[in-house]
Amino acid sequence: MSIEQLAETAQAMVAAGKGIIAIDESTTTIAKRFQGVGIENTEENRRAYRELLLTTPKLSDYISGAILFDETLRQSTKDGVPFAKYMADHGIIPGIKVDKGTHALAGCPGEVVTEGLDGLRDRLKEYYKLGARFAKWRAVITIGEDIPSGTCIEANAHALARYAALCQECGLVPMVEPEVLMDGDHNIEVCYEVTEAVLRSLFGALYEQNVLLEGTILKASMVIAGKDCEEQADVDEVAESTVMCLKSTVPAILPGVVFLSGGQTDEQSTAHLNAMNQLGNLPWPLSFSYGRAMQQAALKLWSQDLTGNFAKAQAVVYERAKENGLAALGKWEG
Ligand code: 13P
């Protein structure tokens with residue numbers, strides 16, 4: 001795979017005014033989301049729900065790609081069209097979550113490392129054949145008393161870099177996601193320091209593993225106060241801190257940065273992205289790769305009437321895509 005092809009895919013993922021919809025919940029995570037709204041977690045319900053999302057009319061107006069879970073990449077629409085083919089035919093780049101989740105990091109109480117490197121090359125080759133053109137790996141960094149440790153930050157950065165190098169070898173654009181969790185009562189300054197250390201370590205590791213940044217996308221968490229912090233920063237402070245942190249750590253050659261929503265409300269996630277883009281003068285496009293902030297309103301509506309609300313829920317997905325697409329241009333009006 002040539003770097004030109006990887007770079008082309010990466011640029012298409014962050015095309016102006018477009019972002020990614022993350023629908024790569026594992027079977028256990030989607031169980032929690034379904035349980036929250038009273039939907040039974042069966043394979044058919046998961047398939048039908050992903051069909052609802054992926055076949056939203058005109059989704060590609062604001063969505064460049066979607067991240068799927070392994071099961072979804074192997075499923076089809078009710079008319080028998082494989083989701084990956086449906087997506088490619090409708091201008092949505094298929095992506096795949098390839099990590100195997102987090103596990104306790106030995107010797108580091110309260111911290112986790114993401115696993116899934118064993119056998120990854122063969123899985124990536126298969127995912128490419130199934131139509132995936134980018135992949136996601138999520139590392140999780142927790143802020144708490146005396147954590148994160150340097151050991152945890154480095155172990156996760158190393159794994160992300162090994163994964164990214166394998167992706168590029170197999171023709172997939174790596175979306176590297178080091179998520180600094182919003183859980184906790186830390187303030188925004190602490191989040192800034194941790195995010196800065198995490199990104200420095202990540203880009204050091206990517207360099208060590210010969211990862212070509214022109215064919216890589218960063219999926220970042222915003223610099224934001226912990227959920228239980230009494231002093232919540234306002235929208236402008238989150239936007240300014242996040243952009244400053246990224247500018248000081250992320251090389252300008254990267255094709256783009258997309259954000260996760262991480263537990264922010266729909267409105268917060270859109271307002272923060274919009275405010276960042278209004279700052280202007282950015283070295284890379286800043287867009288979204290939201291899971292919950294793209295889906296939660298639609299899921300709730302669908303759960304009330306799986307057949308009757310199918311099209312209405314799709315209209316909600318389209319509306320959220322549009323709002324975030326406008327925010328990616330700094331043109332969302334609230
Ligand atoms: P959220 O936007 O719900 O945080 O999910 C994005 C994601 O893909 C996390 O890995």
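Since the structure is predicted, the reported quantities are computational estimates derived from the model, not experimental observations. Counting begins at 1 with the first residue of the sequence. Numbering of ligands and ligand atoms starts at 1, following listing order.
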Chemist: Going by atom types alone, do Gln168 and Thr216 pair a side-chain donor with an acceptor below 3.5 Å?
Modeler: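 On atom types as modelled, these side chains qualify, holding a pair under 3.5 Å.
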
Chemist: My understanding is that only one of Ile20, Ile63, Thr56 makes a side-chain contact (heavy atoms from CB on, under 4.5 Å) with Ile92; could you say which?
Modeler: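 Of Ile20, Ile63, Thr56, side-chain contact (heavy atoms from CB on, under 4.5 Å) with Ile92 is met by Ile63 alone.
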
Chemist: Report all protein residues having a heavy-atom distance below 4.0 Å to some atom of ligand 1; order the list by chain, then number.
Modeler: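 Residues near ligand 1: Ala22, Asp24, Lys136, Arg138, Glu177, Lys219, Leu260, Ser261, Gly262, Ser289, Tyr290, Gly291, Arg292.
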
Chemist: Sub-3.5 Å donor-acceptor pair from the side chain of Tyr128 to the main-chain atoms of Gly171, do we have one?
Modeler: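 Absent.
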
Chemist: How long is the straight-line distance from CD of Glu111 back to CD1 of Ile147, given to the nearest 0.5 Å?
Modeler: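 One finds 4.5 Å between CD1 of Ile147 and CD of Glu111.
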
Chemist: Hey, which of Arg46, Arg292, Arg50, Lys97 is the one that makes salt bridge (Lys or Arg N to Asp or Glu O under 4.0 Å) with Glu25?
Modeler: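 Looking at Arg46, Arg292, Arg50, Lys97, the match for Glu25 under the salt bridge (Lys or Arg N to Asp or Glu O under 4.0 Å) is Arg50.
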
Chemist: If I take atom CD1 from residue Ile23 and atom CD1 from residue Ile67, how far apart are they, to the nearest 0.5 angstrom?
Modeler: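 Those atoms lie 9.0 Å apart.
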
